[in-house]
Amino acid sequence: MARRTKIYEGKAKILYEGPEPGTIVQYFKDDATAFNAEKMAVIEGKGALNNRLSEYFMTGLNGIGVPTHFIKRLNMREQLVRQCEIIPLEVIVRNVAAGSICTRLGIEEGTPMPRPIVEYCYKDDALGDPLVTEEHIAAFGWASQQDMEDILALALRVNDFMSGVMLAVGIKLVDFKIEIGRVYEGDFQRLVVADEISPDSCRLWDIESGRKLDKDVFRRDLGDLADAYTEVARRLGVLPKGSTPMTKPTLIN
Ligand code: UDP
């Protein structure tokens, strides 16, 4: 058996060279990290759940004409994606105040935003992903003015889609982070939603009880992370109905 080429290993995923040029295999690990990797744990089942949930959201986005890097899921832990050049920004959309905006601006957690707020952070772990303005992004050449218009439009479309999908299963989409990639097609470049969309990169609150169903469960020691992600997957119909919370999820298909 030939060993495949590892392109990159991050905190939650490993990227391998794909079977064809221009493709990549994304492997979802069970590792959970928080506070810039100061807190770490292995949570059995998390990788499989995020692989399946990210597939679900990316497929839905592709279906409404929001381009993503997602091609297909390969197995429990891996998906095939288009290779792209990641723009070094974390694009954050907030509907309700939580996390860093609360400490930064002194806003109480749970305060609804007057409208969805889009923020940009420069992707650099050593610097702790600092918040940057469009001025920095333009001056340092991380993205052009046209890119920024496209990124804003993509972020808001993802927010509308994800908010609706979650609302339908009784979950409030509080905030989320996406990454954007460039793909080149001949003389043209196109921006696509890349990386992953999962409860690792969103804040999700049960509308009735306020229960947190995202990575804050791990960040704040609020219970079992796999249980929370299983609950999200089950409500979305990604796990069989009536299945009990499990550490080794049985996935449909
Ligand atoms: N987020 C993420 N990766 C990061 C930083 C943030 O996925 O490196 C997500 C986080 O899970 C939340 C949203 O982006 O859904 C906003 O995060 P925030 O700025 O509040 O930072 P945090 O409180 O997570 O430090």
Side-chain angles (χ1 to χ4, degrees), residues 8-13 26 28-29 31-41 43 46-47 49-51 53-54 57-58 61 68-69 86-113 115-133 136-137 142 151-152 154-156 158-163 165-167 171-181 193-206 210-223 225 228-229 232:
Y8 174 79
E9 177 155 5
K11 285 173 277 194
K13 293 189 294 292
Q26 264 196 165
F28 286 75
K29 302 199 279 188
D31 299 18
T33 62
F35 312 118
N36 209 2
E38 274 171 38
K39 181 171 180 174
M40 296 170 95
I43 294 166
K46 181 177 88 79
L49 282 160
N50 280 352
N51 182 27
L53 284 166
S54 200
F57 299 131
M58 296 278 185
L61 286 168
T68 81
H69 72 160
I86 297 286
I87 293 179
L89 296 173
E90 303 208 322
V91 180
I92 292 171
V93 184
R94 301 181 185 275
N95 299 305
V96 174
S100 66
I101 197 171
C102 296
T103 39
R104 197 180 337 119
L105 300 181
I107 303 173
E108 197 183 334
E109 184 178 83
T111 310
M113 299 286 107
R115 61 188 171 95
I117 291 181
V118 182
E119 293 176 347
Y120 306 101
C121 294
Y122 179 54
K123 256 173 75 73
D124 187 319
D125 281 344
L127 299 175
D129 300 335
L131 188 72
V132 291
T133 66
H136 298 112
I137 296 167
W142 297 324
I151 290 172
L152 180 63
L154 281 174
L156 293 175
V158 172
N159 188 43
D160 284 347
F161 172 78
M162 292 288 296
S163 294
V165 166
M166 290 301 173
L167 187 61
I171 295 173
K172 174 89 198 160
L173 177 66
V174 171
D175 60 28
F176 67 90
K177 182 264 306 186
I178 50 171
E179 296 187 17
I180 305 292
V193 178
D195 189 50
E196 71 177 277
I197 303 180
S198 75
D200 269 6
S201 53
C202 300
R203 282 196 172 90
L204 305 169
W205 295 353
D206 178 52
R211 181 185 163 203
K212 294 184 188 345
L213 297 169
D214 56 64
K215 207 164 91 175
D216 274 349
V217 172
F218 171 70
R219 291 189 189 100
R220 302 193 193 175
D221 296 320
L222 299 176
L225 192 71
Y229 288 20
V232 175

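It should be emphasised that the depicted structure is a prediction, and the values quoted were computed from it without experimental measurement. Note that these values count all heavy atoms, side chains included, but never hydrogens, waters or copies made by symmetry. Along the sequence shown, the residues carry numbers beginning at 1. Atoms within a ligand are numbered from 1 in the order they appear, just like the ligands themselves.
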Specify the protein heavy atom at minimum distance from [atom]: its residue, its atom name, and the distance to 0.1 Å.
atom	value
atom 22 (P) of ligand 1	Arg203 NH2, 3.6 Å
atom 20 (O) of ligand 1	Ser100 N, 2.8 Å
atom 10 (C) of ligand 1	Arg219 NH2, 3.6 Å
atom 1 (N) of ligand 1	Lys177 CB, 3.7 Å
atom 12 (C) of ligand 1	Asp175 OD1, 3.2 Å
atom 5 (C) of ligand 1	Glu90 OE1, 3.4 Å

Could you check whether any side-chain heavy atom of [X] comes within less than 4.5 Å of a side-chain heavy atom of [Y], counting everything from C-beta outward?
X	Y	answer
Lys29	Lys11	no
Thr33	Phe218	no
Lys123	Ile86	yes
Ile180	Leu89	no
Lys46	Phe28	no

Do Arg104 and ligand 1 have an N or O pair less than 3.5 Å apart?
no
Are any of the N or O atoms of Glu119 closer than 3.5 Å to those of ligand 1?
no
At under 4.0 Å between heavy atoms, which part of [X] makes contact with ligand 1: side chain, backbone, both or neither?
X	result
Lys215	neither
Asp200	backbone
Ala98	backbone

Under 4.0 Å from a heavy atom of [X]: give me the atoms of ligand 1 that qualify, with their elements.
X	result
Gly99	20 (O), 23 (O)
Asp129	8 (O)
Arg94	16 (C), 18 (P), 19 (O), 20 (O)
Cys202	15 (O)

Heavy-atom pair with the smallest gap, counting every atom of Ile197 and Leu61
CD1-CD1, 3.6 Å
Are any of the side-chain nitrogens in Arg104 or Glu119 under 4.0 Å away from the carboxylate oxygens of its partner?
yes
Ionic contact status for Lys13 with Glu179, cut-off 4.0 Å
no
What do you think, any protein heavy atom under 4.0 angstrom from atom 25 (O) of ligand 1?
no
In Å and rounded to the nearest 0.5 Å, what is the CG to CH2 distance from Asp214 to Trp205?
9.0 Å
In this structure, are over 12 heavy atoms from other groups packed under 6.0 Å from Arg115 atom CZ?
no
